[in-house]
Amino acid sequence: MTEQTIHKVSDEVKNKIQQANGVEEIEAIRVEYLGRKGTITNLFKTLPSLPLTKRKKTGELLNTVRDELQKLLDEKSKLLKNKSLNEKLKSEKIDITLPSRPLEYLHRHPLMQVISEIVSIFNSLGFQTVTGPEIETDYYNFETLNFPKDHPARDSQDTFYIEGSSDNLLLRTHTSPVQVRTMEKYKPPLYVVVPGKVYRRDASDASHSAVFHQVEGLAVDEKITFAELKGILTVFVHRMFGKGTKTRFRPSFFPFTEPSAEMDIGCPMCSGNGCRVCQNSGWLEMLGCGMVHPKVFDAVQYDREKWTGFAFGMGVERFAMLKFQINEMRLFYENDLRFLKQF
Amino acid sequence: MKITYNWLNELIKIDAFSVKEIAETLGQIGFEVSAISNLPGDTVFDIEIPANRGDCLGHLGIARELAAKLNLVLIYPETYSFPDPRSVNKVFSIDIEDTNLCKRYMGVVIEDIKVGPSPDLIAERLQKCGLRPINNVVDITNYVMLETGHPLHAFDIDKLSGERIVVRNANKGEKINALDNNNYVLSPDMLVIADNEKALALAGIVGGTESSVIESTSRIILESAVFKLENIRRTRQKLNVTTESSYRFERGSSYKNCDFASRRAISLITKYANGRFVSHNDICLPYEIKKIVLQIEKVNRILSTQYQVKDIVDALSRLEMKTEVKEDKIIVEVPPYRLDINEEIDLIEEVVRIQGYDTVPVEIKTYKTEHIIEEPLLELERKASDFLLAQGIQEVINYSFCSNKTLKDCKINREPIGLQNPLSEDWTFLRSSMLPGLLNNVMSNYNNTQARDMKFFELGKIFSTKEIGALGIICTGKESPEHWKYKSEKIDFYYISGIVHSLLKELDCNKWTADKSISEYFHPGVSAVIKDASSNTIAEYGLLQSTLHPKFLQGIYYAELFTENIQKTAGNDTPVFKEYSRLPGSKRDISIIVPEDVPYNRVADEILAGKDEFLIDISLFDVYLGDKIPKGKKSYSIRFYFTHFTRTFTDKEINEKVEQIIDRLKNLGISLRTA
């Protein structure tokens, strides 16, 4: 065995490695030359027959060549493996734009979404949620709220009466009876917010509904002021419609508040420049409010000299129509899926 | 109410203000202008008058408010001054029988009248305000009403029986032929103006045709009166009539305006109808002048303003109130026409209304209630809706009304609550079930879009002898939307029962027993009712009878849950950790042959009756009915899970355990199914 032979074998292997196209070929080369009966392995076996002087040098050369080939084989094998993996990945393709599996997690009815938005704003300001019955007595719905019998103030609250109750039982026309019920149950200070369904004997049209929803608020404490009422409603409006929303308070009449006010907000649709929604006035009527009338305190036996309070009430449908830009109130109650699925 | 700019301008000089400014000012003092109509040479405001401001139902009232806000001088129109009564020799006789319903009655006799058309100014103004001119005398009474807000009436004296007016209660069944072309049948709680024989007018509401002023009239008696507002309202509601007059009287009339309007009309009738004042008779009951004490400190305390005494006095004086400052108080004399001002707080509102709501600062504070107010139903409803939405069930909100027919069609036996004054035939009852609304939602969506796969729920109140919290769920068609890869199952009984059972579990309501439902709207074999320990119904669910939806040929499943009963039963169960075996445990599957009429729950109960602590769970994974097993039998395949805490079971041990169970099941006529 000469060095020349070793070099020749080495070149032969290198050439084969270079030309190899598959991992199997590389493994075959490995077996052919470096395996138990491989060409290189066999060359090692002939070492002992060499003269001592040549043996060491030839041995070293063989080792170097074997290591080098081993390394080349490993490298090529890795290269080929990567190549085939890449080809495999390349070939395995799906259409990722096909519709995904429909796991439905729906949202609440739009009116409920708006109610919970309003209520949670007031909850965060320290008002606790309370509710009350939808069938009410004349006493809670009107009398204690300073709506005398046979007074035209009742005209604005066209009422459904329960059959056979001699005008005593009715469907509440507003959430305000819950004010009285809550005050009867708890002593001040009191801060509550009341969501609920209310009824008025109005024919339904684009902006009226015989059934609708209100959220009512009531605060009673020592030294509650009209300025605080303006404050809390301004904060509310900013959270609901954005920080820059303007507010305006105008005198109004509700039997159970005095002074009473109507709050307008700068139209969020046109930023107060005038549009179809605000009928070019730049303002939208949002809610009614006022300071709790002392007669209401009398009715619940609160000391009218000690306590003052404010109350406010808003129509949920109106807020929802504004928020979602809906122009027809009846849609909320038609429950057409083409409508409901949008929210 | 319609108010014209020119007319206002006669009472207060508002030339310096634009129409827009006047409208805005009115809004600032609580009179919302809902429409503005521009007419040739004039503008008409449509103004919303609050129900407590009867004094503002005329031009003078609105002018007075504007004058106060804009600090202008109010120019009162020309009126007649009555001569000293001693100089009048013949007085028309007036009697008020019911002094509770009529507090003042002024009767003025005017003669030598020439009835004819009104002068243009009067006729035009009436038309601008929506009234039809008739003749000068009638028009003047209407004109004065539009000006002062106080309604008047004129009777033709020559049509009266006897020279006497009596204000009395109507006789039972008494009839009147009214100017609105209606014949009214009256009752004794109603007030009429009568002569010796008959009712001439329905007091404060409408006059009669017989005594009305027509072309031939030459002598009239001009009525100006104060009637009890509640009675006017009750009467006009009973007779279902509303007139310009009743609208004003039911919002209140005052002694002062009564007199002013009368003298104003005399002046105009003299001027435009050739009238000659003959006499007047005035029956007026004693009245008090309202005085209210206003604590100065209270104004700023409630409003959080910084008004000076002079600001308060100024605002009140501008509203024609007389004020007298006494140390820390102001004694305020309220003008008689301000029926809305009765106590201190009313005066505070007047002050801030005139000073402007924008003089009140905006103060932001945070609040804290000391009470713990619990609303468990709200929390339950929130949890329930979260759960249902996560199942892809859509929330709906229906009207709370239904008709008797709908209830019958839906076979709902629950006694409904009726409405005394329903809006329509379809809405005569309050719903006593969620079913009619939800079924209608399915039908209308099907009709509108041919939708067949629908799942809806509604949370709210139903009504049957009382108000009941309820949750209705309806579903039909496929469980989930169509998909190109995942095939959806058809909704069946086990879907709706799964929803109900899982929901109850979610709501911590675990103590209940199930039975067959007896509700008629359900298929008797495919429905169930769940009750608590005291037999209160928690839920009912099942397949609706197909007769409920004859045009929709597909099974509809419905569930109704009673939220208050759930809430009563629900324990607030915080889970308590139980140690579990860290070892893998063993599974064993067996198939058994079961008599067809033995329900699964009896089989499961019997398996678990052994109380084997190592049997931690069983699950039914196959149900078979068919040729491969004997007739009248069914096959269940059940998987048993056994676990030991410290070691694994041998096959032999498991076999013994299963054999014991099968042994017990023999009591139910069950045997092992051999392959």
Side-chain angles (χ1 to χ4, degrees), chain A residues 98-99 101-102 104-109 111-112 125-131 133-135 150 152-153 155-156 160-163 186 189-192 197 201 203 210-211 219 223 225-228 230-231 234-235 249-253 258-259 261 291 293-294 308 332-333 335-338 340, chain B residues 27-30 50-52 230 233-234 250-251 302-304 343 345-346 348-349 352-353 357 360-371 373 375 378 385 389-390 392-400 417-421 423 441 445 448-449 451 460-461 463 467 480-481 483-484 486:
Chain A
L98 277 173
R101 186 170 184 174
E104 286 188 296
Y105 197 144
L106 302 182
H107 298 115
R108 293 205 74 174
H109 187 286
L111 291 175
M112 290 300 167
L125 296 169
F127 290 69
Q128 284 182 286
T129 311
V130 291
T131 58
E134 290 174 18
I135 294 183
D150 300 311
D155 279 355
S156 64
F160 285 109
Y161 288 93
I162 300 297
E163 203 171 38
Y186 303 98
L190 201 56
Y191 300 91
V192 293
K197 200 178 263 185
R201 209 176 164 279
V211 180
K223 295 175 188 154
T225 68
F226 193 34
E228 286 174 58
K230 287 178 81 170
T234 303
V235 171
F249 291 80
R250 289 178 289 113
S252 190
F253 168 62
E258 188 86 10
M291 301 303 289
H293 199 292
T308 56
F332 291 117
Y333 296 92
N335 298 307
D336 193 304
L337 281 166
R338 291 168 295 183
L340 295 173
Chain B
Q28 285 163 15
I29 50 175
N52 63 339
E230 291 86 351
R233 183 174 165 83
R234 264 199 298 271
E250 71 173 283
R251 280 158 181 76
I302 285 180
L303 301 172
S304 195
E343 55 179 289
I345 194 73
D346 300 328
I348 295 175
E349 180 177 67
V352 67
R353 205 165 60 85
Y357 275 24
V360 176
V362 174
E363 284 170 16
I364 294 166
K365 284 194 184 171
T366 52
Y367 302 102
K368 212 173 137 237
T369 310
E370 288 167 10
H371 303 285
I373 298 175
E375 286 281 340
L378 272 187
S385 62
L389 293 168
I393 306 177
Q394 174 68 54
E395 183 175 33
V396 294
I397 300 177
N398 284 297
Y399 295 119
S400 318
I417 293 175
L419 291 176
Q420 184 181 305
N421 53 342
L423 252 185
N441 298 147
N445 274 288
N448 292 343
T449 65
K461 298 291 182 68
F463 307 85
E467 200 171 316
S480 49
H483 190 256
W484 58 275
Y486 300 97

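Lettering of chains follows the sequences in order, A, B, ..., and the numbering in each one begins at 1. We use all heavy atoms of the structure for the numbers below, so side chains are in, but hydrogens, waters and symmetry mates are not.
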> Any side-chain heavy-atom pair from B:Gln394 and A:Glu104 closer than 4.5 angstrom?
no
> Give me the atom names and distance for the closest heavy-atom approach of A:His107 to B:Leu389.
O-CD2, 3.5 Å
> Return the minimal non-hydrogen interatomic distance between B:Leu303 and A:Thr225, and the atom names on each side.
C-CB, 4.4 Å
> Between B:Glu375 and chain A, with a heavy-atom cut-off of 4.5 Å, which part of the residue counts as in contact: side chain, backbone, both or neither?
side chain
> Report which part of B:His483 has an atom under 4.5 Å of a heavy atom belonging to chain A: side chain, backbone, both, or neither.
side chain
> Please examine the side chains of B:Glu395 and A:Met112, heavy atoms only from C-beta on, and report whether any two atoms are closer than 4.5 Å.
yes
> If we only count heavy atoms from C-beta on, is the A:Glu258 to B:Ile302 side-chain gap below 4.5 Å?
no
> Mind ranking B:Ala390, B:Ser304, B:Gly27, B:Ser385 by heavy-atom pairs under 4.5 Å with chain A and telling me who comes out on top?
B:Ala390
> Please identify, among B:Val362, B:Ile364, B:Ile345, the residue contributing the most non-hydrogen atom pairs under 4.5 Å to chain A.
B:Ile345
> With rounding to the nearest 0.5 angstrom, report the CZ to CD distance, A:Phe226 to B:Glu363.
12.0 Å
> Would you name the heavy atoms of B:Leu423 and A:Ala210 that are closest together and state the gap between them?
CD1-CB, 3.8 Å
> Heavy-atom distances under 4.5 Å only: say whether B:Val396 touches chain A with side chain, backbone, both or neither.
both
> B:Ser400 versus chain A, heavy atoms under 4.5 Å apart: side chain, backbone, both or neither?
both
> Do you know which of B:Ile393, B:Val360, B:Asn421, B:Asn448 has the most heavy-atom pairs with chain A at a distance under 4.5 angstrom?
B:Asn421
> Can you say whether B:Glu467 sits under 4.5 Å from chain A via the side chain, the backbone, both, or neither, judging by heavy atoms?
side chain
> Can you say whether A:Val130 sits under 4.5 Å from chain B via the side chain, the backbone, both, or neither, judging by heavy atoms?
both
> If I measure from the heavy atoms of chain A, does B:Ile417 come under 4.5 Å with its side chain, its backbone, both, or neither?
side chain
> Of all heavy-atom pairs between A:Pro259 and B:Glu349, which one has the smallest distance, and what is that distance?
CA-OE2, 3.2 Å
> Short question: side chain of A:Asn335, backbone of B:Asn441 - any donor-acceptor pair under 3.5 Å?
no
> I'd like to know which of A:Gly231, A:Pro102, A:Ala227 tops the heavy-atom pair count under 4.5 Å against chain B.
A:Ala227
> Compare every heavy atom of B:Ile373 with every heavy atom of A:Gln128, then report the nearest pair and how far apart it is.
NE2-N, 3.4 Å
> Among B:Pro50, B:Ala451, B:Pro361, which residue forms the greatest number of heavy-atom pairs with chain A at distances under 4.5 Å?
B:Pro361
> Where on B:Tyr399 is there a heavy atom nearer than 4.5 Å to chain A: the side chain, the backbone, both, or neither?
both
> After noting the C-alpha distance and the side-chain angles of A:Thr129 and B:Leu378, does the key distance pass the side chain to side chain contact (heavy atoms under 4.5 Å, CB included) rule?
CA-CA 9 Å; A:Thr129 311; B:Leu378 272 187; 3.3 Å; yes
> With a 4.5 angstrom heavy-atom cut-off, which part of A:Thr131 approaches chain B: side chain, backbone, both or neither?
both
> Could you measure the distance from the CG atom of A:Leu125 to the OG1 atom of B:Thr366? Nearest 0.5 Å is fine.
8.5 Å
> Checking B:Ile397 against chain A: side chain, backbone, both or neither under 4.5 Å from a heavy atom?
both
> Quick one: which of A:Pro294, A:Pro251, A:Ala203 has the most heavy-atom pairs under 4.5 Å with chain B, could you say?
A:Pro251
> Which answer fits B:Asn398, side chain, backbone, both or neither, if we ask what part of it has an atom under 4.5 Å from a heavy atom of chain A?
both
> Starting at CH2 of B:Trp484, measure out to CG of A:Leu98 and round the result to the nearest 0.5 Å.
4.5 Å
> Select one option (side chain, backbone, both, neither) describing which atoms of A:Ala261 are under 4.5 Å from chain B's heavy atoms.
both
> Identify the heavy atoms of A:Phe249 and B:Tyr357 that sit nearest to each other, and give their distance.
O-CB, 3.5 Å
> State which residues pass side chain to side chain contact (heavy atoms under 4.5 Å, CB included) with A:Glu163; sequence neighbours excluded, sorted by chain then number.
none
